[in-house]
Amino acid sequence: MPGEPDGHGVPGPQPPLPRPDSRLIRLLGDAEHAILYLVSVILLAVALGILVQLAVTIVRSHASWPQVIIVAIEELLLVLIVLELFVTVLTHLQGGHLLLEPFIIVGIIAVVRHILSVVVRLTVAQTPDESGRELMELGVYAGATFLLVAALTLSRWSRRWPGENPPHSP
């Protein structure tokens, strides 16, 4: 009988473990793919919506050109964030592995957007207390940017270690 000791006290072959229903696994995998396709379409629509809204804002804006340019850069950086998430979802749909780097890049772009917002607020006349808070916020964002760039560098550097190369996504 399987699992009982043979004549030498050594257990025999173990019975196979029950396998999960392959139809259920296939159904769950199909549901995951359907949701990922839906998310990718929504991400593209959001990116397009941001671009349309940016064009409308530029046309209707009565602000100075430097302020319009800063707003445009912030919105374009937001589009880059959305597209980076789209590429990550697309890579996963194509069978690639999820990587850390795209999320670090999204973080860097997001922090740069916040830095631009602080810079815009600093150009407006403020009290010394408000300016001090804005400068402190700018310092925190600069520190976060430094840490994220260091993490990105470490991530890319670690792929060069022998035997540690993860599969690359297309």
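Just so it is clear, the values below take in all heavy atoms, side chains as well, and ignore hydrogens, waters and symmetry mates. Keep in mind the model is a prediction, meaning the values are calculated, not measured.
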**Student:** Quick one: are Leu76 and Leu51 in side-chain contact, heavy atoms under 4.5 Å?
**Tutor:**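 Leu76 reaches Leu51 side chain to side chain.
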
**Student:** Are Phe86 and Ile42 joined in one hydrophobic group, where the rule is that I, L, V, M, F, W and Y side chains link up if heavy atoms are under 4.5 Å apart?
**Tutor:** yes

**Student:** Start with the C-alpha distance between His97 and His92, add both sets of side-chain angles, then the distance that settles side-chain contact (heavy atoms from CB on, under 4.5 Å), and finish with yes or no.
**Tutor:** CA-CA 6 Å; His97 298 284; His92 186 66; over 6 Å; no

**Student:** Under the 3.5 angstrom rule, does the side chain of Ser61 hit a backbone N or O of Ile58 as a donor-acceptor pair?
**Tutor:**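 A pair under 3.5 Å: no.
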
**Student:** Would you kindly confirm whether Tyr37 and Leu43 end up in one hydrophobic cluster when ILVMFWY residues are joined by side chain heavy atoms under 4.5 Å apart?
**Tutor:**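 Yes, Tyr37 connects to Leu43 through the hydrophobic network.
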
**Student:** Begin with the C-alpha distance, continue with both residues' side-chain angles, and end with the deciding distance and a verdict on side-chain contact (heavy atoms from CB on, under 4.5 Å) for Thr57 and Glu75.
**Tutor:** CA-CA 10 Å; Thr57 300; Glu75 295 304 308; over 6 Å; no

**Student:** Of the options Leu93, Leu85, Thr91, which is the one that meets Val89 in a side-chain contact (heavy atoms from CB on, under 4.5 Å)?
**Tutor:**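 Output: one option passes, namely Leu93.
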
**Student:** Between Gln67 and His62, does the side chain to side chain donor-acceptor pair (under 3.5 Å) criterion hold? Intermediate values first, please.
**Tutor:** CA-CA 10 Å; Gln67 288 176 331; His62 299 291; over 6 Å; no

**Student:** If I take atom CD1 from residue Ile105 and atom CG from residue Leu99, how far apart are they, to the nearest 0.5 angstrom?
**Tutor:** 10.0 Å

**Student:** Test of understanding: clusters of I, L, V, M, F, W, Y form through side-chain heavy atoms closer than 4.5 Å, transitively. Do Leu152 and Leu147 belong to the same one?
**Tutor:**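 No; Leu147 is not reachable from Leu152 via cluster members.
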
**Student:** Would Val149 and Phe146 count as a side-chain contact (heavy atoms from CB on, under 4.5 Å) here? Give the steps.
**Tutor:** CA-CA 5 Å; Val149 169; Phe146 174 78; 6.0 Å; no

**Student:** Should Val119 and Val112 be counted in the same cluster of Ile, Leu, Val, Met, Phe, Trp and Tyr side chains packed under 4.5 Å apart?
**Tutor:** yes

**Student:** Within the structure provided, determine whether Glu101 and Arg156 are in side-chain contact (heavy-atom separation under 4.5 Å).
**Tutor:** yes

**Student:** Roughly how far, to the nearest 0.5 Å, is the OG1 atom of Thr88 from the CG atom of Leu100?
**Tutor:** 10.5 Å

**Student:** Rounded to the nearest 0.5 Å, how far apart are CD of Glu137 and CG of Leu122?
**Tutor:**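 Spacing of CD (Glu137) from CG (Leu122) equals 9.0 Å.
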
**Student:** Would you compute the distance between atom CG of Leu54 and atom CG of Leu78 and round it to the nearest 0.5 angstrom?
**Tutor:** 10.0 Å

**Student:** With no hydrogens and no angle check, is any side-chain donor or acceptor of Ser155 less than 3.5 Å from a backbone partner on Ala151?
**Tutor:** no

**Student:** Got a donor-acceptor contact below 3.5 angstrom from the Glu74 side chain to the Ser117 backbone?
**Tutor:**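 Present.
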
**Student:** Could you check whether any side-chain heavy atom of Leu44 comes within less than 4.5 Å of a side-chain heavy atom of Val82, counting everything from C-beta outward?
**Tutor:** no

**Student:** For the atom pair CD1 (Ile104) and CD1 (Ile109), what is the distance rounded to the nearest 0.5 Å?
**Tutor:**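 Taking CD1 in Ile104 and CD1 in Ile109, the distance rounds to 12.0 Å.
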
**Student:** Tell me, do Glu130 and Thr127 make a side-chain contact under 4.5 Å, heavy atoms counted?
**Tutor:**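 With C-beta onward as the side chain, the pair touches.
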
**Student:** Nearest 0.5 Å, please: how far is CG in Leu148 from OG1 in Thr153?
**Tutor:** 10.5 Å

**Student:** Does one hydrophobic cluster hold both Leu38 and Leu27, with members joined at side-chain heavy-atom distances below 4.5 Å?
**Tutor:**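 No, Leu38 and Leu27 fall in different hydrophobic clusters.
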
